[in-house]
There are 2 protein chains.
Amino acid sequence: MTSRVDAPTRREQILGEAARLFAERGFHGVGVDEIGAAVGISGPGLYRHFPGKDAMLAELLVGISERLLRGGRRRVEEAAGSAEQLLDSLLEGHIDFALDDRALITLQDRELDRLRDSDRKLVRQFQRQYVELWVGAVRAVYPALAEPSARASVHAVFGLLNSTPHLGRPGSLPGREAMAALLHRLARGAFSAAR
Amino acid sequence: MTSRVDAPTRREQILGEAARLFAERGFHGVGVDEIGAAVGISGPGLYRHFPGKDAMLAELLVGISERLLRGGRRRVEEAAGSAEQLLDSLLEGHIDFALDDRALITLQDRELDRLRDSDRKLVRQFQRQYVELWVGAVRAVYPALAEPSARASVHAVFGLLNSTPHLGRPGSLPGREAMAALLHRLARGAFSAAR
DNA sequence: CCCAAAGGTTAACGAGCGCTAACGACTCTG
DNA sequence: CAGAGTCGTTAGCGCTCGTTAACCTTTGGG
């Protein structure tokens, strides 16, 4: 039983560096030797922890989409109150994720096609359920909004929130908390204009 | 002098298919043989038209970013009227681009790092000027908005508009005109909430 | 009519990549 | 202290990929 506050295990360390490298240079653009070097071991030593390079990507993508969905569902259950509160809670969770796990956000919509069919289907299924959860929350706040428009709006707002990775040098932008608040307002503004 | 309404030249044909393939499977995920096959010639025949695979990507990315900037500047000149009109015009242009050239949009922020240093610098320069042009337009409409917030908002709205490529099966979404109108409203709503 | 330019073809090379094989050191545990 | 399990190492295989070389066919102009 591994404690949750321990230093990251070698496996987790590898996954973290792999995520960063994949996001920076693309799945095909990174060699196993580089991933190994990033954690201080070299090349084939990775195969003591993963059956192959594909498996690392798969574990990353399945992990993200599953975490997002679980977090969303938890918020749906906890938000017994108003529909507004649920939408704000979902926004808060997604924004935290976008700001703190930029590499994973990038991978999620960039390298999905490199997965084996079964893994890709699984990730797509998680993503779809997550989107539908949002669609429900948005329509609870804006009941006049038709479902196709709501779905398209949710996709678009995800694009807005996930745009964080593509940002320039840090100087010309707000800090982390200001950025979170700004993204929240932008997203709410977009939804409220969906009509 | 090539007429603008002629059938696409072989070069243009290659660029089009390369854009589609790069967007689908990533730059490193597509082989020159596939690009050749997509236009009916095979593999090394491409080298009669381009010095290498990198050159195709470079021409695509430089072309897009240059076109976007030129279109934006044209709209700035033409919009002698109100600031609102300019912002709407910029939105219209970018939305047309996002809806009609999805592959290029995808490439623009996904494969930029695969370029030679000089080409990447050029593309980044075009992109930066395009963003600054938008920042000016947004701040003309919302003068109270500080520049860093305006810049972050512009990036975020680009993410919103460019989210079109990541959409699901066509059935569950609005048609092209409805989608354009929806994106326009969402973007305006986001800006108006930036504060 | 010739010949040069344009635009293809196939064969093959060299580099890089994912992965396996074979081996070694360290650390527990009975 | 033996032996197994864990976690590394290096060498190298086989394949793919971008690119080059050498050659062929068509076409338009002097």
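In what follows, chains carry the letters A, B, and so on, assigned in the order in which the sequence lines appear, proteins first and then strands, with residues in each chain numbered from 1. Everything numeric in this text was worked out from a predicted model, so none of it was measured.
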Length of the CD1-P vector between B:I14 and D:dG18, whole Å: 15 Å
Would you call A:E77 and A:R73 a salt bridge, taking side-chain N to carboxylate O under 4.0 Å as the test? no
Grab the CD-P distance between A:Q13 and D:dC7 for me, whole Å please. 13 Å
Across all chains, not counting sequence neighbours, the salt bridge (Lys or Arg N to Asp or Glu O under 4.0 Å) partners of B:R114 are B:E111
Name every residue in residues 39-50 of chain B that has at least one heavy atom under 4.0 Å from any atom of DNA chain D, in order of residue number, or write none if there are no such residues. B:P44, B:Y47, B:R48
Tell me: CZ of B:R10 to P of C:dG7, nearest whole Å? 10 Å
Does some side-chain heavy atom of A:F27 sit less than 4.5 Å from a side-chain heavy atom of A:L107? no
Tell me, which pairs form a side-chain hydrogen bond (donor to acceptor under 3.5 Å, both in side chains) where one or both residues lie in residues 46-58 of chain A, sequence neighbours left out? none
For B:R124, which of B:D113, B:D109, B:D117, B:D119 qualifies under salt bridge (Lys or Arg N to Asp or Glu O under 4.0 Å)? B:D113
Taking side chain as C-beta onward, heavy atoms only, is B:Q127 less than 4.5 Å from B:L69? no
Rounded interatomic separation in angstrom, taking CG from A:D33 and C1' from C:dC19: 11 Å
Quick one: A:H28 NE2 to C:dG16 C1', roughly how many Å, whole number? 14 Å
